[in-house]
J.: 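After the structure tokens below, expect a handful of questions from me.
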Amino acid sequence: MSEEDVERWTAAATWTASAELTPVQTLLWRAERHPVQSSTSTVVVDLDRAPDWERLVAAAEWGTRLVRRLRQRVVDPLVPTAPPTWADDPTFDLGYHLRRERVSSRDEVLAQATQVALRPFDRSRPLWEGVLFEGLPDGAAAYVLKIHHALADPLGTVQLLSMLQSGRREHTPRKPLGAEPATSVDADPVELAVAGLRVDVSTLPEAAVATARTLAHAATRPQVVVASALRYGASVRRLMTQAAPPSPELSPRTGKRWSFLTLDAPLDPLRAVARQGGGTLDDAAVALVLGGLRRYHERRGSAVPEIPVGVRVSLDRADDLGNRFAGAVISGPLAVEDPVDRVAAVRGEVLSLHTERALEVLDVAAPVVNRLPSFVGAAALRTAVPPDAFVLTLPGPPRRRYMAGAQVQGMYVLGPLPGAALTVSLVTCGDTACIGVNVDASAVADLEALAECLAEGVEEMVSAAPAADGQSVGPT
Amino acid sequence: MSGLSAEVEQAIEAIGAGPQGPTVGAFFDLDGTLVAGYTAATFYGDRLRGRAVSPAEFVRTVVTAVDGELGGDPTRIAHVAFSAMRGESEEAFADLGERLFRSKIAGTIRRESRALVHAHQRAGHTVAVASAATAYQIAPVARDLGVEHLVCTRLVVEDGQFTGATDGPMLWGRHKASGVRAFAREHDVDLTASYAYGNGYEDVAFLSSVGHPTALNPHRDLRAAAARLGWPVLDLSDPVGGSLLAAGRTVAALAGMNAGVGAGLAYGLARGDLRRGRNAAISLATRLPMALAGVSLDVLHPERLWSHRPAIFIANHQSSLDIPVLGRLLERDFTIVAKKEARWDPRAVVGSVVIDPAWIDRSDSESARATLAGVVERVRGGTSLMIFPEGTRSPTPVLGPFRKGAFHLAAQAGVPVVPVVLRNTGELMGRSSLVLNPGVVDVCVLEPETDWRVEDMSERIAALHTTFEQTLAHWPSGEHR
């Protein structure tokens, strides 16, 4: 048993220990309208060979014991006086969540994965589903994991997967298991609602005093309060309205027809281009997608200078990965031809978001919205104009990993399409960028052309990297 | 001592220590960065006063401005202004820019911004003003700072008239950033080695396009972003436009000056010695008001003020403050040459009683020559002379050309010229301002120069002009103290 594996697995055991859903998770959970406002991500893991089925099932059995959350379901209170809670599912049946199928090509894997993703979850069971696809040429296989955002966001999913994978091909006996939870949480919808109400009532006097104090404070300095409220409002308005108008080439969107495609790019040149443009890998990923879309628009004879792109902004420091993120929409430049220049332009747009005091508006609004009926939350999520594309970068495993004896060749995250025409996730796997693209097939007139253009976008980015002499830019 | 804050000194040192040469760029935002306040507001204020603005346009402007503040499109206000300019003559507008520069904008250039620009110029960097403003606002400022390049919003001109449209996008936010990137490509500037200075929240993209961004007197939101992004923040002192307190002190200073004159003269009369009375009056009339206004002097080489008397003292001129400062320095036994028209200037009346200037009638060369002959006699008799060789106040600390009169007088009277370099009097009291702000005036007395002759006069004047410029650019440190 390798030192590194133990470390990773121990971390997995303590993964998201909190019993309650966070306000934002709650909002997504309650506002979900599958598949249009889905919170489901799908991960396609390419494997070099078909793993031994028995071993895979055993590993899943072990993994779901190690990471308790995988055997828990969400229990909603009868009325929204309290956040939903995780509770052990007494009827948990691994057979329901894990199955295997035979396919003949990788395209078929992607097509099947789309169908898996489009089927809504049984919300009364643990929120994941895994399918092993066997029968690919050369004995290869693919593992498709569908996971709900309430259980793990895409970042968490990749983390979880890389934590549960092994550093060796051989089987590891006597793997660690997390400590048994002391007691299972009481998870009766009525009880939850009553408990929430009880907390509300007991904190009511305090809350009233605090509110009165805030109001009194505000009354003594009305100018400051009004000015600061106006500035906040202005920031919210800028965040909601000032991105570019949506492209006519990427509509009408129904959100009901998903189409998955995957791309690979060597990481080093991508990082080099990012550095040249003064940006990060995130910025390079956005610039890459914009490059592909630029070509697509050109091919369709459409002159659109910029499109709205949803990105993730670290709330802590721009260059760090940080722990707190906010989603925001930037105007992605389509008109910039030079890839390095495009990275710089994207960089400028993303950094400009840091002047917006309302960047974390969803975090602030979620607790309030959650007290309202779920359709209000759904409507609230829809008020923000959806971007044409979401682009997301996720750190994956830095080295080769194995799943039940099969080597992981690539890991592609295919995120949901909440109103967007495409969602692109770039996962770093060793020295390769695994790019997963979910496209709203009803919004794109020529899917094949889009796939080609995105591939050309990758090519363009990679070849823009300076070829340092003596060093190859490709995978080493 | 230098009048620059420690942070600015550090930044200037870092520029000097960093890479040199034209491949390094330095991009300065205009409004709020090079100058305090908004030049567009100055232009608009002028339009308002000139009644060139219809009530409807005024309302539209205000509504657009407020909407921009409340999260609407902040560039719309400019487009409203541009379209209102449709049909106006470009030449007239450029002239207006020059006029407003001299009367208003020159006084708002931050001294420390100027020092930063000069630091980049010394390093041989490619310096440019990058701003959403139009060339008519920027050009005079850029010229004054010796900045050659403008990256700015261009207005379309047809047959010498504005069409109301812009040529390309307004260089605001991302467009300013891409303007700077395009400029860098054209001029072979390496952005990763370059510097940029800006103050608004819209400047983030512009700032992030270079390797060395600095948030200069940033607005609230840019300050927050700079903290998050780890960008350095520099807070520069503003040339204060005259606070109420400063105004009050100025009034007190004027009263003090008059009281000083009165007391001095009374003393002289009582002692029956008008010369001593005058000297006492000068002393009181300069010390009292400066003390009241909170102005003090920091003089390098004060001994040179006394080593060669009588002499012709020459100084650079930016402010009404220069005269009391020089009065305070020279203390006694001096006079000035003034143009006849200034004789009845209410501010000059008081002073003229005390220092008895030689009034020159410029329109009548015969009488002017006679007056000057009289002046030469007075100098030989022991009264020193104070002359501003630039002839007129400069709108900014940039030195104007020297006229020859002072040096001819020195040659004729056979006395030395004592050069006195003044710094930052213009900051404490703007060229056309009536308000004096508290602060320290830096003075450097240069080596007195003797033996003036007509033959080599031009070369010596040129050399002295250069010495003035260099002293202003690299203020000597007070090693003698």
Side-chain angles (χ1 to χ4, degrees), chain A residues 224 226-244 275-280 283 305-306 313-320 322 324 326 330-333 335-338 340-361, chain B residues 27 65-76 130 168-169 171-186 189-194 196 198-213 215 218-231:
Chain A
V224 178
V226 169
S228 138
L230 284 180
R231 274 197 293 272
Y232 196 88
S235 181
V236 171
R237 188 170 153 209
R238 276 196 297 272
L239 283 173
M240 297 261 209
T241 59
Q242 278 192 8
R275 262 197 307 280
Q276 266 186 295
T280 62
D283 304 322
E306 51 198 24
V313 193
S314 162
L315 288 173
D316 299 316
R317 272 202 50 177
D319 299 321
D320 301 337
R324 300 185 308 127
I330 62 163
S331 287
V336 183
E337 260 181 66
D338 177 50
V340 175
D341 205 16
R342 211 182 305 129
V343 171
V346 169
R347 176 70 171 168
E349 284 294 299
V350 171
L351 289 196
S352 297
L353 292 169
H354 284 268
T355 60
E356 295 298 355
R357 57 188 63 216
L359 199 52
E360 72 301 353
V361 66
Chain B
F27 301 92
V66 169
D67 184 64
E69 281 294 303
L70 292 181
D73 180 357
T75 61
R76 261 191 61 209
L171 289 202
W172 198 90
R174 88 190 59 159
H175 298 301
K176 178 146 107 187
S178 60
V180 164
R181 283 199 302 272
F183 175 88
R185 269 197 301 278
E186 252 167 62
V189 166
D190 174 13
L191 283 175
T192 53
S194 295
N199 70 307
Y201 73 90
E202 75 282 5
D203 284 328
V204 170
F206 153 62
L207 290 172
S208 75
S209 49
V210 299
H212 302 282
H219 283 183
R220 216 183 297 259
D221 294 332
L222 178 62
R223 195 178 290 275
R228 216 179 251 177
L229 302 174
W231 289 350

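Just so you know, these numbers come straight off a predicted model, no measurement behind them. Chain identifiers are assigned alphabetically (A, B, ...) following the order of the sequence lines, protein sequences preceding nucleic acid strands; residue numbering begins at 1 within each chain. Atom set for the values below is all heavy atoms of this structure, side chains included, hydrogens, waters and symmetry mates excluded.
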J.: More than 12 foreign heavy atoms under 6.0 Å from CZ of B:Arg223: is that the case here?
T.: yes
J.: Against chain B, label A:Ser235 side chain, backbone, both or neither, depending on which of its atoms sit under 4.5 Å from a heavy atom there.
T.: neither
J.: Nearest 0.5 Å please: distance from the CD atom of B:Glu202 over to the NE2 atom of B:His175.
T.: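 Going from CD on B:Glu202 over to NE2 on B:His175, the span is 12.5 Å.
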J.: Please determine if A:Asp338 and B:Arg185 form a salt bridge, counting it only when a charged side-chain N lies under 4.0 Å from a carboxylate O.
T.: no
J.: With a 4.5 Å cut-off on heavy-atom pairs, point out which of A:Gly279, A:Ala234, A:Pro333 contacts chain B the most.
T.: A:Ala234
J.: Let me confirm one number: the OG1-CZ distance from A:Thr355 to B:Arg228, rounded to the nearest 0.5 Å.
T.: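 If I round to the nearest 0.5 Å, the distance is 9.5 Å.
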J.: Can you tell me which of B:Asp221, B:Val210, B:Leu222 forms the most heavy-atom pairs within a distance under 4.5 Å of chain A?
T.: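 Heavy-atom pairs under 4.5 Å are most numerous for B:Asp221.
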